[in-house]
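Only this structure's heavy atoms are used, side chains among them; waters, hydrogens and symmetry mates stay out. Numbered from 1 within each chain, the chains take letters A, B, ... in sequence-line order.
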Protein chains: 2
Amino acid sequence: MKFEKEDSAGYLINHMARLFAKELQQRISPLGIVVGQFPILLELWLKDGVSQKDLLSKIDVEQATLANTLSRMERDGLIKRTKNPADARAQLIWLTEKAAALRNDAYQSAQNVNLQALTVLNSTEQTQFLELMRRVISGMRK
Amino acid sequence: MKFEKEDSAGYLINHMARLFAKELQQRISPLGIVVGQFPILLELWLKDGVSQKDLLSKIDVEQATLANTLSRMERDGLIKRTKNPADARAQLIWLTEKAAALRNDAYQSAQNVNLQALTVLNSTEQTQFLELMRRVISGMRK
DNA sequence: TAATATTGCATAGCTAGCTATGCAAGTGTA
DNA sequence: TACACTTGCATAGCTAGCTATGCAATATTA
């Protein structure tokens with residue numbers, strides 16, 4: 001029996017994911033943010049003043065991962081937390097002004113990574129690629 | 001300006017990579033190995049008794065990542081290291097019998113993950129998907 | 001209403017990955 | 001041959017991710 005890495009979806013995906021993350025990290029590090037914070041920021045830029053639970057429902061990571069990333073974001077002055085009047089266990093999560101101001105630059109960085117990475121594909125292929133990924137993901141999400 | 005995660009290649013790739021890793025981890029954990037060891041084992045199953053440098057040239061991670069994973073593999077009884085007569089800085093890396101014996105089961109596990117994950121695509125789409133990924137990767141590898 | 005179950009979040013402890021740095025062993029050169 | 005340079009690997013220190021567990025606050029139920 002043999003196994004060819006270059007024909008293994010899992011291997012290729014893992015490798016590609018690390019290349020993307022590295023590329024994005026380089027582009028956003030001047031903004032003072034890191035890749036793991038990106039999905040969280042995306043949600044908070046849409047709407048802040050939410051509970052961790054609300055955030056969790058929109059982000060594809062485990063609760064513990066989110067909690068840890070949030071605490072680093074608080075440490076780094078990207079978010080603040082206030083009491084939730086409705087529930088003493090939960091807090092409300094707010095962007096700081098500093099973090100709010102990063103939005104456009106961050107969007108641009110991410111778009112640029114995507115654009116550049118996909119330039120090797122033509123427009124039809126790009127659309128196809130995204131669609132294939134969405135299907136694989138939804139098939140795996142159980 | 002807006003940003004849609006579901007249309008972002010980077011976001012989808014990251015998410016998909018974590019789903020794959022989780023799936024593979026579940027399948028190989030009965031074998032006593034973990035996902036980060038997989039690429040290294042793949043190479044050693046082909047040929048062991050090699051230096052870390054040789055391994056590194058075949059594996060798409062940084063040298064420090066490899067060194068750390070190797071030391072956990074040694075701790076876990078998957079590899080042994082012997083002196084390299086040709087160079088006192090380097091050592092030769094060998095699979096233990098235990099690790100050598102895992103090969104077929106491990107191959108099978110990985111194939112099963114790939115097969116199951118890609119069942120949502122037809123045969124043409126599967127081929128296409130792999131090809132698109134290979135092109136994106138080679139475009140990003142600088 | 002008291003006891004029990006659930007929820008919301010934090011923490012512990014681990015692997016996987018990265019960059020940066022250190023250092024001994026080997027190589028090349030004045 | 002002595003000295004500088006390079007190489008092979010290890011280590012430090014960090015983020016990102018996971019599972020498992022703990023715990024106080026809330027909700028449910030007998």
Side-chain angles (χ1 to χ4, degrees), chain A residues 10-11 13-29 32-41 50-57 59-76 78-79 81-93, chain B residues 10-11 13-29 32-41 50-57 59-76 78-79 81-93:
Chain A
Y11 192 92
I13 289 163
N14 174 272
H15 188 190
M16 193 171 51
R18 286 182 289 110
L19 291 171
F20 265 83
K22 218 165 160 178
E23 191 64 39
L24 182 60
Q25 185 55 72
Q26 284 183 16
R27 303 212 191 208
I28 62 179
S29 72
I33 59 180
V34 291
V35 291
Q37 299 168 349
F38 211 96
I40 298 173
L41 287 169
V50 298
S51 69
Q52 191 182 119
K53 180 192 171 185
D54 289 339
L55 257 184
L56 187 61
S57 70
I59 289 182
D60 306 294
V61 299
E62 297 301 318
Q63 178 268 325
T65 301
L66 176 56
N68 282 325
T69 304
L70 285 172
S71 79
R72 288 192 295 270
M73 291 174 77
E74 190 167 30
R75 177 202 66 192
D76 297 347
L78 295 167
I79 59 166
R81 304 196 233 203
T82 61
K83 286 198 170 174
N84 184 338
D87 188 335
R89 294 167 301 180
Q91 286 178 288
L92 300 179
I93 299 164
Chain B
Y11 192 92
I13 288 163
N14 174 272
H15 189 189
M16 192 171 53
R18 285 182 291 109
L19 291 171
F20 265 83
K22 217 165 161 179
E23 191 64 40
L24 182 60
Q25 184 56 70
Q26 283 183 17
R27 303 212 191 209
I28 63 179
S29 72
I33 59 180
V34 292
V35 291
Q37 299 168 347
F38 211 96
I40 298 173
L41 288 168
V50 298
S51 69
Q52 191 182 120
K53 180 193 171 185
D54 289 340
L55 258 183
L56 187 61
S57 70
I59 289 180
D60 305 297
V61 298
E62 298 300 318
Q63 178 268 325
T65 301
L66 176 55
N68 282 325
T69 304
L70 285 173
S71 80
R72 287 191 295 268
M73 291 174 77
E74 190 168 31
R75 178 202 65 192
D76 296 348
L78 295 168
I79 59 166
R81 304 197 232 201
T82 61
K83 286 198 170 172
N84 184 338
D87 189 335
R89 293 167 302 180
Q91 286 178 290
L92 299 180
I93 299 164

Provide the start and end nucleotides, 5' to 3', of the part of DNA chain D that has atoms under 4.0 Å from heavy atoms of chain A. D:dT15 to D:dT26
For B:Q52 and B:A67 the tightest heavy-atom approach is OE1-CB, 3.9 Å
With a 4.5 Å limit on heavy-atom distance, are the side chains of B:I93 and B:M73 in contact? no
Are A:L70 and A:L55 side-chain neighbours, meaning at least one heavy-atom pair lies under 4.5 Å? yes
A:Q25 or B:D54: which one's nearest nucleotide on DNA chain D is closer to the 5' end? B:D54
Contact check, side chains of B:Y11 and A:D60, non-hydrogen atoms, under 4.5 Å: yes
Using the closest heavy atom to pick a nucleotide of DNA chain D for each, name whichever of B:D87 or A:G36 lands nearer the 5' end. B:D87
Between A:R89 and A:Q63, the residue closer to the 5' end of DNA chain C by nearest nucleotide is A:R89
Which comes earlier along DNA chain C counting from the 5' end, the contact point of A:S51 or that of B:A64, where each point is its nearest nucleotide? A:S51
With a 4.5 Å cut-off on side-chain heavy atoms, are B:E23 and B:R27 touching? yes
Do B:I28 and B:Q37 have side chains that get closer than 4.5 Å, going by heavy atoms? no
